[in-house]
Amino acid sequence: MKKQYSFHKFTKLRPALEFMNKNGAQSKIIAGGTDMLVDIRKGASKLDPVKHIVDIHDIQEFRNIEIKGNVCRIGACCTFKEIGISEDVRSYFPVLKMAVDRIGSPQIRNVATIGGNICNLAACADSIAPLLVYDVQVRLCSVGDERIVPLENILIKPYKTDIHPDEILAEIHLPLPVKDWKYCFYKLGRRSGVSISRLSYAILLKTNKDKIEDIRFAFGALFSVPQRLKDIEKELKQQSISADLWKEVSRKVAQKILDETGVRWSTFYKIPALQQLFYTSLMDLT
Amino acid sequence: MKNNIFSVVGKNLPRTDAYEKVTGRAQYAADISFPGMCFAAQKKTTVPHGIIKNIDISQAERVTGVEVIITHKDVPGNNISGVIKYDQPVFSFDKIYCPADVVSLVVGEDKEAVQKALTLIKIEVEELPVLSDYTHALDKDALLIHPENKSNLINHYPLRKGNIEKGFQESDVIIERTYTTPAIEHAYIEPECITAVPDFRKDVYKIYGSVQNPFTCRRIVAQVMKVPLANIHIIQNELGGSFGGKDDTMDMLAARACVACKKVGKPVRIHLSREESIIESYKRHPYTMNYKVGVSNKGILKAMKIDILADGGAYASMSPFVTWRSVVQATGPYEVKNVHTDVRAVYTNNPYTGAMRGFGSPQIIFAQESLMDELADELHMSPIEIRRINGYKQDSETASGQILSNHVVSLNQVIDKATKESDFEKKYETYKAKYSVEGNSHSINLILNDNQFSAGSNIKEGIGLACSFRGCSLGAEGVDATGSLISIQKDGSVYLISGLAENGQGLRMTFSMIAAETLGISPDDIYYLEQDTSRVADGGPTVASRSTLVGGEAVKNAAEIVKKRIEKMLIDEWELSERATFKFADHYIVHEGSGKKIAVSEACDKAYLNGVNLSAYGWFKAPEVDWDEEIGQGPAYFTYVYGCQIAEVEVNAASGKILVKRVTAVHDAGQIINRLGALGQIYGGVSMGAGYGIMEEVIVKNAEIQNINFDEYLIPTSVDVGEIRAFFVENPDRFGPFGAKSLGEPTLEITAAAINNAVANALGKRFYHLPLDLEQIKTGKTLYQIKK
């Protein structure tokens with residue numbers, strides 16, 4: 001028999017926070033529900049402690065995209081569709097635009113939200129790798145309090161973030177990047193529409209003549225949660241760009257994934273595929 | 001072109017049911033409801049194979065809101081059923097054969113109570129070992145699924161022609177390859193739904209549902225209920241897709257619902273969820289095919305030795321017929337003097353397999369067409385050349401010894417058209433020249449060394465061809481006859497129904513166009529009646545791409561009977577000679593000698609007032625066919641169709657992802673009746689075929705399906721298959737209405753093979769296993785995630 005939940009829909013932030021303050025431990029927030037409804041249908045065990053479904057999709061202050069000073073703020077309940085058509089996102093954060101435009105199907109993009117993508121934290125969440133290369137921070141609200149932390153700090157393990165039970169993810173803060181980044185987003189799915197990533201990555205690269213001035217890359221569906229590889233990035237600064245260098249980088253990334261995830265059913269496919277794909281993307285950027 | 005001889009046939013006409021379907025007005029099985037209707041949920045076990053020790057329903061019965069709980073004890077008639085062999089329990093009672101088995105039904109008006117009671121049924125099962133690997137089903141020490149048969153063999157079809165040893169001796173090149181294909185799901189958009197409704201007459205039941213073959217369903221329900229056929233009325237609702245998949249599954253559900261209906265005395269509905277649908281419904285047969293082929297240096301096929309094993313799953317279902325089509329067509333459309341074929345279907349504990357669009361042909365075409373390309377490569381010939389040398393021509397002899405003389409053998413026509421339209425030869429050579437040298441090996445080391453990286457684009461283009469011949473309709477499977485009923489009203493409007501059923505393929509429109517052409521009216525004047533087994537004679541199942549050909553001819557026959565009566569009346573009325581000829585077109589009847597004319601509606605009114613019978617039964621019985629089971633020889637089908645498809649792909653060599661960029665499909669289906677409907681068949685068939693080629697697979701481990709919804713069972717979306725270019729070669733057939741033949745299945749059966757050949761052209765590497773998914777292309781192996 002299907003489990004029953006009580007459903008609470010809020011259109012204002014304050015009462016939602018108060019509800020979470022009281023019932024956070026037994027509540028699950030939905031913003032679009034495209035992941036949660038599947039879990040509910042499947043009777044997923046992670047919902048065992050959950051009694052309340054809290055719908056925050058229509059809290060208007062979570063639906064804005066605006067630039068203030070040097071920061072672009074994207075409300076957590078913005079849908080992928082809204083982000084995809086935002087002029088600000090297109091001109092400053094093209095990697096994010098490329099990623100959100102290819103999530104699911106038009107129907108999914110009309111309801112699924114960026115906040116939901118982060119909070120659900122699937123290994124294959126497509127919007128997170130692009131956010132990581134843009135060094136974003138997230139604003140988390142609770143009754144009478146808020147904290148702003150780097151996104152990567154709250155990504156713990158699959159389906160587990162460091163957002164406290166009484167907190168609601170309010171906004172994503174994207175520092176405006178200087179415009180001369182070269183960029184790439186690559187997503188590989190089993191099919192071209194309505195597909196879940198087998199692997200994805202986002203790359204930002206700044207070059208000075210034939211040297212790397214700065215480089216950032218993050219990966220989806222390869223580690224247990226989307227991840228930047230800052231150690232490897234750091235070693236690359238000021239190095240001369242060459243095919244051999246990119247081969248070496250691809251191997252290092254692959255080795256890192258192997259070290260962290262071990263050998264799984266998909267390893268014999270994913271690891272060789274990733275190296276060639278990543279290498280080709282780096283070559284295409286330079 | 002030909003259109004000028006017809007006023008309706010051959011036109012592009014939107015379907016009569018299109019408006020209702022796209023506006024949501026059409027009523028599907030789950031859209032209708034009945035007063036006092038109960039819902040029934042099915043109890044399955046979690047054990048794939050075992051002996052049932054005890055079924056305890058006592059606790060479940062006590063749940064408030066539950067009306068009755070049904071088990072095998074409630075079945076009035078046969079509890080063991082099946083479409084060909086009787087081997088499938090309607091309600092399991094002694095044994096569980098596979099995870100699709102149903103032990104009992106919980107029935108009640110309150111859905112929640114029903115669900116709760118379902119969890120309280122206790123079934124004690126003593127687990128048996130599981131036979132899931134069908135390639136070991138015929139081993140000497142194999143576990144027996146149905147021990148009373150003494151073997152897991154469902155059927156074996158041998159075909160012997162010429163002298164196989166001599167053929168191989170005469171060969172200069174011999175190659176031997178093994179091909180495998182997976183089980184796949186029909187993936188109709190509407191999951192199964194059935195409602196059994198009691199009648200005020202004793203032992204009479206009306207059954208409404210998404211039933212593909214109402215007469216098969218009626219037979220099974222009547223046997224299970226132990227009532228005469230006439231007592232069971234199957235009323236077909238709009239069908240949300242079938243593709244051959246709503247036969248046995250629906251028949252079983254109908255029987256269960258009817259047993260419950262009798263006991264509770266109220267309407268009872270079973271409506272499957274998508275997960276239940278995928279677990280319970282039958283699939284396409286997985287095949288393992290061993291082909292050994294000998295060919296002379298000049299490219300002449302000398303011998304073919306074919307050994308095919310099909311996984312039938314737990315029940316025979318359509319296996320005997322599916323594999324029979326395979327044995328007839330296993331050599332492909334090629335003349336081979338010496339053929340030695342064995343096709344066997346076997347029992348396992350896997351999901352049972354049955355009919356699916358294509359019906360035993362997509363598997364063998366994948367093998368034989370891949371093989372033809374490989375032979376061409378060996379002989380340094382083009383894929384077209386080897387097909388030209390060996391392909392069927394007028395009066396060719398098939399593997400079963402049939403001389404193809406009574407229809408136009410158009411294999412070369414369709415190949416010519418397809419290769420010309422796609423610029424095949426030039427592209428094939430261009431892409432072939434681009435093979436990378438190291439392309440032939442898969443890396444085994446995880447971390448690549450420097451020379452394992454490749455420079456430049458990962459995208460490789462390829463083009464591939466495949467062709468087929470296909471016997472139309474049932475062939476020697478069984479009785480092949482069907483009827484149609486037409487009734488013209490005095491204002492010229494028409495009721496029409498046929499013994500074959502609309503499955504979503506557009507049969508109602510095609511039949512309406514055939515009747516309209518004959519009577520000189522418009523399809524809009526025809527009201528196609530709801531399908532009901534009490535309205536029309538048993539015309540066999542709606543399968544085997546037989547509707548347009550066999551059903552259409554029956555419709556034409558009915559319309560012509562009435563037409564003759566109207567003509568006779570006009571001869572009397574206008575005092576014409578007995579040999580007067582009339583033209584029926586554009587709503588008028590014109591006497592061709594005098595030019596005298598009358599509106600069809602007026603003529604019908606006159607006929608009515610004169611007491612002329614404006615209703616008629618049309619009938620068509622297919623010409624005789626024959627098959628010698630011992631040696632697999634005989635004229636298997638009374639006519640054949642030919643098709644050729646060319647796939648153009650882009651393969652990402654790094655990721656293994658295939659983009660089907662373009663498919664050029666050329667089919668000779670005889671005279672096309674509804675051009676728009678025919679195009680729809682090609683677009684749909686090619687898309688399904690592409691899915692079979694590159695992504696679809698029901699993953700079965702230990703007899704259990706791993707991917708039970710569409711998040712994990714992937715079918716192509718509209719952006720996964722690129723341009724489809726469809727062309728018809730129209731050689732009229734002597735048997736079909738206005739020269740029409742078959743199209744539904746030919747469109748699907750060739751595509752995967754064409755894609756496989758295109759991938760080989762792109763990568764310089766051949767693949768032998770479907771689907772050509774990412775892992776297959778990249779690693780040469782199938783990799784699975786198995787759920788714990």
Side-chain angles (χ1 to χ4, degrees), chain A residues 1-4 34-35 37-39 41-43 102 104-106 108 186-196 198-200 243-244 246-259 262-284, chain B residues 41 111-119 273-275 442-459 652-660 691 694-695 708-712 714-722 771 773-779 781 783-786:
Chain A
M1 214 168 76
K2 286 255 153 60
K3 187 179 163 186
Q4 307 286 307
T34 53
D35 287 315
L37 292 180
V38 176
D39 288 339
R41 181 179 172 82
K42 285 184 175 169
R102 297 187 53 195
S105 60
I108 297 277
Y186 189 87
K187 167 176 172 167
L188 172 68
R190 289 193 180 277
R191 61 184 171 195
S192 302
V194 206
S195 88
I196 293 168
R198 298 294 293 131
L199 60 89
S200 71
D244 284 344
W246 292 148
K247 286 178 186 173
E248 196 49 37
V249 176
S250 304
R251 279 194 284 258
K252 277 189 178 166
V253 170
Q255 190 60 54
K256 182 90 178 156
I257 295 164
L258 268 181
D259 292 347
V263 174
R264 307 155 71 124
W265 71 271
S266 57
T267 302
F268 293 95
Y269 166 73
K270 274 192 177 181
I271 295 294
L274 170 75
Q275 289 168 84
Q276 176 65 38
L277 291 168
F278 196 59
Y279 167 71
T280 307
S281 294
L282 289 166
M283 291 294 285
D284 289 348
Chain B
K111 279 186 188 171
E112 283 189 20
V114 166
Q115 288 300 326
K116 188 176 169 199
L118 203 60
T119 62
S273 68
R274 178 63 65 187
E275 291 86 349
H442 296 289
S443 68
I444 42 161
N445 47 325
L446 286 173
I447 301 295
L448 306 184
N449 55 43
D450 273 352
N451 48 30
Q452 283 175 312
F453 283 96
S454 45
S457 171
N458 292 322
I459 305 295
N652 186 321
S655 67
K657 186 160 174 178
I658 298 167
L659 173 69
V660 180
I694 66 177
M695 64 177 77
I708 56 169
N709 205 334
F710 293 137
D711 54 343
E712 290 173 330
L714 301 186
I715 57 173
T717 70
S718 59
V719 291
D720 287 287
V721 182
D773 63 12
L774 304 177
E775 292 84 359
Q776 185 68 222
I777 297 291
K778 185 73 183 166
T779 69
K781 287 198 227 39
L783 303 176
Y784 294 124
Q785 179 174 28
I786 301 306

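All chains are named by letter (A, B, ...) in the order of the sequence lines, taking the proteins before the strands, and each is independently numbered beginning at 1.
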Do A:Ser192 and B:Thr717 come close enough that some side-chain heavy atom pair is under 4.5 Å?
no
Which bit of A:Leu199 comes within less than 4.5 Å of chain B, counting heavy atoms only: side chain, backbone, both or neither?
neither
Honestly, the part of A:Ser250 sitting under 4.5 Å from a heavy atom of chain B is side chain
Give a yes or no on whether a salt bridge exists between B:Asp720 and A:Arg190, defined as a side-chain N under 4.0 angstrom from a carboxylate O.
no
Please state whether the side chain, the backbone, both or neither of B:Asp773 comes within less than 4.5 Å of a heavy atom of chain A.
side chain
Hey, could you give me the OG/NZ distance between B:Ser655 and A:Lys187, rounded to the nearest 0.5 Å?
13.5 Å
Under 4.5 Å from a heavy atom of chain B, the part of A:Leu277 involved
both
CG (B:Leu774) and CZ (A:Arg191) are apart, to the nearest 0.5 Å, by 12.5 Å
Over all atoms of both residues, closest heavy-atom pair of A:Thr280 and B:Gly456
CG2-O, 4.1 Å
Taking B:Asp711 first and then A:Lys42, would you say they form a salt bridge - that is, a charged N and a carboxylate O separated by under 4.0 Å?
yes
Shortest non-hydrogen pair, B:Ala654 vs A:Gln276, comes out as CB-CG, 3.3 Å
Taking side chain as everything from C-beta outward and backbone as N, CA, C, O, which of these in A:Arg41 sits under 4.5 Å from a heavy atom of chain B? Side chain, backbone, both or neither.
side chain
Roughly how far apart are B:Leu446 CG and A:Leu274 CG, rounded to 0.5 Å?
12.0 Å
